[in-house]
Amino acid sequence: MKRALVRKAVLIAFVIALFVIALPAVAQEGTTTTTAPASSTTAAPAEQLNPAIPADTTVPPPSTPDWTYRYLIPTGLVIAGLVVVITSIRYFTNVVRKRYRIIEE
């Protein structure tokens, strides 16, 4: 009973803290003011534009992944899989097999 009340109190405190943190952000969303005067701009025709700095448009060749990405990550995944399999086998041999014994008469 006491633990449930503590959980409710923590949940209520968390919700209140979240509301207090989010309240200023929500309050500022509705207030937008513009003070810049409206101005009109005209664009120059595309034929008259020259780039300030010529851009290099060559595409770089695709890079090969690093050796850590190519070898270490798959090796880590294989080792993790082996750990799971070995742990399951050891659990079966140490716990489940000893749980039930055949009684010989």
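Only this structure's heavy atoms are used, side chains among them; waters, hydrogens and symmetry mates stay out.
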Less than 3.5 Å apart, which donor and acceptor atoms pair up between the side chains of residues 80-90 and the rest of the protein, not counting sequence neighbours?
from	atom 1	to	atom 2	distance (Å)
Thr87	OG1	Val83	O	2.6
Ser88	OG	Val84	O	2.9

Output side-chain donor-acceptor pairs under 3.5 Å for residues 51-65, partner residues at least two apart or in another chain, one line each.
from	atom 1	to	atom 2	distance (Å)
Asp56	OD1	Thr58	OG1	3.3
Asp56	OD2	Thr58	OG1	3.1

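No path of Ile, Leu, Val, Met, Phe, Trp and Tyr side chains, each step under 4.5 Å between heavy atoms, connects Ile12 with Phe14, placing them in separate hydrophobic clusters.
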